[in-house]
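Okay, structure first, notes after.
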2 protein chains.
Amino acid sequence: MATIYQVSELAGVSLSTVSRVLNDNDYVSKKTKKKVLEAMQQLGYQPSSIARSLASSRTSSVGVLVSELDGPFFGQMMSAIEQQLRAAGKHVIITAGHSDEDKEKNGFEFLISRNCDAIIAHVEIVSDEYLIELSKGKIPIYLMSRYVEEIKDNCISLDNVLGGYLATKTMINKGHKNIAYIAGPQFKVDASDRLVGHKKALAEYNIAFDESLFYIGDFKETGGNDGLKHFIENKAQFSAIVCANDEMASGAMKFAREHGFNLPKDLAIMGYDNVIFTNYLYPTLTTIDNPVPEMGRMAANLVLKDIYKRPGITINRVFQPTLVLRDSTPDIN
Amino acid sequence: MATIYQVSELAGVSLSTVSRVLNDNDYVSKKTKKKVLEAMQQLGYQPSSIARSLASSRTSSVGVLVSELDGPFFGQMMSAIEQQLRAAGKHVIITAGHSDEDKEKNGFEFLISRNCDAIIAHVEIVSDEYLIELSKGKIPIYLMSRYVEEIKDNCISLDNVLGGYLATKTMINKGHKNIAYIAGPQFKVDASDRLVGHKKALAEYNIAFDESLFYIGDFKETGGNDGLKHFIENKAQFSAIVCANDEMASGAMKFAREHGFNLPKDLAIMGYDNVIFTNYLYPTLTTIDNPVPEMGRMAANLVLKDIYKRPGITINRVFQPTLVLRDSTPDIN
DNA sequence: GCACTTTATAAAAACGTATTGATAATGAAA
DNA sequence: TTTCATTATCAATACGTTTTTATAAAGTGC
């Protein structure tokens, strides 16, 4: 491999001059620049990213820490981040936290030990305090789908209240009055925010929140299953059911069908997240879509702007979910 | 940040001694080792991976090139690779080829420019010749789900013939004689291998391959849709339909239901790949499962063994798919 | 106790770049 | 022409390790 030294020799200039044309920042005459570029061409010179890192203490790499590497949500997010950063010549070091405190912390440490220029993290378990502490370190931390006041400029979040509101409002507009709600684990901010939105929509239409139409599930299929079962056993009256995520909606759908409901006629069902399989369910599931790719792209942009000083980037830190209407929520008259 | 130099000073030894305990390979007395380790502890010393890379021309990083970062197949694969490599202290640089020749090549170049110690690639478009040529370079290339004779030791592949065979054989054992087959694009090796397996099963049970029960789809939902439509329009007789992947099976299922079939009674359907949504379809889809995580883990192991000289690793280069029985293929009598 | 091997440590060179301070060349203003 | 500011270049140093070569100490067999 040709080095900068050989280039300098062939071009008849010094090392530093070659370095300057490489980073084209300082004074260097057109004539010299041309000479150097030709020498590079001739030698097939490729700069060593490692040596460059050592000298400049920049690695051109961004760490990405997500809960899982599989799963539609993280897939879309990583895909967007990677595309955006790679287009800027940066690379992405990916690792997983597996929704476990030790593993999340370990993931951070791992990325820090790799000297990333920045870290984009989607973590759910570690505390705000931990993140704040970490942010005081040398490597800037950016958070996805999470809002921490003290480092709000580094947070990209999602308006889950709006999403919850949209879901329930849609059901109301479809003609439903008795709407059951299966929430997610309330220690998760996403889940509790969605519930707030649900209540907001009810209030807006003067529908009282009814405890007997409320169940807290586990964000998995079983949660939907158990929730619907709970409502039926308690002889609750409802014509629609709103779930705080798609997995639970799917569970509810299965349970409903197995217990004689004719879907979607007998029961309207709403999901949340617009996970890929919602389009394969029968009937296809109405749900709330999160602009995940946009968020990923924005996280990358934020890093490009803050860390790599790219000009002309405008930032948006809060994103809005949108409704996706499908077959599971027909109008009733 | 403390450097190796400060450690050496505090411990009262030379740089090289510190380096030796760091890589614990050479002669170093227990007493000295202890002194050095204590000094490290005291200074909170963390070795610089960059300086280490520059000096050793090893980056402890493995490039991973896949078609897409989202999608269940790649998600599982990356997840397995990452877990295995990270446990060994290596990190993973991930990038996508988007099933496009230029982008795949660009992905390779990108990873090479990052000085990865090895590259694990799942590419579908670039030619064997390109890969062979690339393998002559400085960085070893490992291939997933692809077999190239000239570099077979670096290939991890899947027995698609067996999978195709299993799928059709299962249908036959369920009691079907007239089995329609919707194949994938035949320029894809996976697709043509699965078809070979299908024919093999038919032959084994003395069932003639019937052109009127054969259709080539596009591996997407529309392919299943169009295939079933084709069979119906041509008034073909069949009680079961085997699809070369799950997306097409899903398309066929939708079309069947929309055209009055009572599933799974009127028509048995088989998919391939065991994609996540197969479990959410109605009825749930019988399919063929690929041991994707195992393959990912094995690729990582192969790299650990070849490149990082880890001892005690046994390698398996060919993997077998298995049958996943669900509701879409009931027994008929 | 001597020659010889093995073990332990040190000193120095190398990895390939960025950066800084100094110097030289050039151009503009007086 | 002189003076000063600007532009262009160079030489030297720093980045933090690994690796190689050399040398010293300790152990071995006779």
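Convention: sequence-line order gives letters A, B, ...; per-chain numbering from 1. Computed over heavy atoms, backbone and side chain alike; hydrogens, waters and symmetry mates excluded.
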Select one nucleotide: of C:dG16, D:dC10, D:dT18, the one nearest the side-chain heavy atoms of A:V13. D:dC10

Quick one: which of D:dT18, D:dC15, C:dT20 gets closest to the side chain of A:L54? D:dC15

Is any side-chain N or O of B:S29 closer than 4.0 Å to OP1 or OP2 of C:dT9? yes

Specify the separation, in whole Å, of atom CG of B:L15 and atom P of D:dT21. 18 Å

Would you mind reading off the distance between A:I50 atom CD1 and D:dA14 atom P, rounded to a whole angstrom? 23 Å

Roughly, in whole Å, what's the span from NZ in A:K31 to P in D:dT7? 17 Å

Looking at A:K33, I'd like to know if its NZ atom is crowded, meaning that more than 12 non-hydrogen atoms belonging to other residues, nucleotides or ligands lie closer than 6.0 Å. no

Below the 4.0 Å mark, does D:dC10 have OP1 or OP2 next to a side-chain nitrogen or oxygen of A:T17? yes

Select base, sugar-phosphate, or nothing to describe what A:Q6 touches, counting heavy atoms under 4.0 Å on all strands. nothing

Measure from NZ on B:K33 to P on C:dT9 and round the result to the nearest Å. 12 Å

Over all strands shown, is B:S48 touching base, sugar-phosphate only, or nothing at heavy-atom distances under 4.0 angstrom? sugar-phosphate

Write down the distance between CD1 (A:I4) and P (C:dC15), rounded to a whole number of angstrom. 14 Å

Using whole Å, what does the distance between atom P of nucleotide D:dC10 and atom CD of A:E9 come to? 13 Å

Once you round it to whole Å, what is the distance between C1' of C:dT9 and NZ of B:K34? 19 Å

Test side chain to side chain contact (heavy atoms under 4.5 Å, CB included) applied to B:R114 and A:S49, step by step: CA-CA 6 Å; B:R114 289 297 170 183; A:S49 55; 4.2 Å; yes

Does either side chain, that of A:S16 or that of A:S19, offer a donor lying less than 3.5 Å from an acceptor on the other one? no

Counting the atoms with a prime plus P, OP1 and OP2 as sugar-phosphate, which does B:T32 contact under 4.0 Å by heavy atoms, base, sugar-phosphate, or nothing? sugar-phosphate

Please state how far atom CZ in B:R20 lies from atom C1' in C:dA11, giving the value in whole angstrom units. 11 Å

Would you please say whether a donor-acceptor pair under 3.5 Å links the side chains of B:T59 and B:D117? yes

Taking OP1 and OP2 of C:dA10, is either one under 4.0 Å from a side-chain nitrogen or oxygen of B:S14? yes

A:S16, nearest nucleotide to its side chain (from C:dT17, D:dT9, C:dT20): C:dT20

B:T3 vs D:dG16: side-chain N/O to OP1/OP2 distance below 4.0 Å: no

side-chain hydrogen bond (donor to acceptor under 3.5 Å, both in side chains) partner of B:T95, chosen from A:Q83, A:E82, A:H91: A:E82

Give a yes/no on whether any side-chain N or O of A:Y27 is located under 4.0 angstrom from OP1 or OP2 of D:dT7. yes

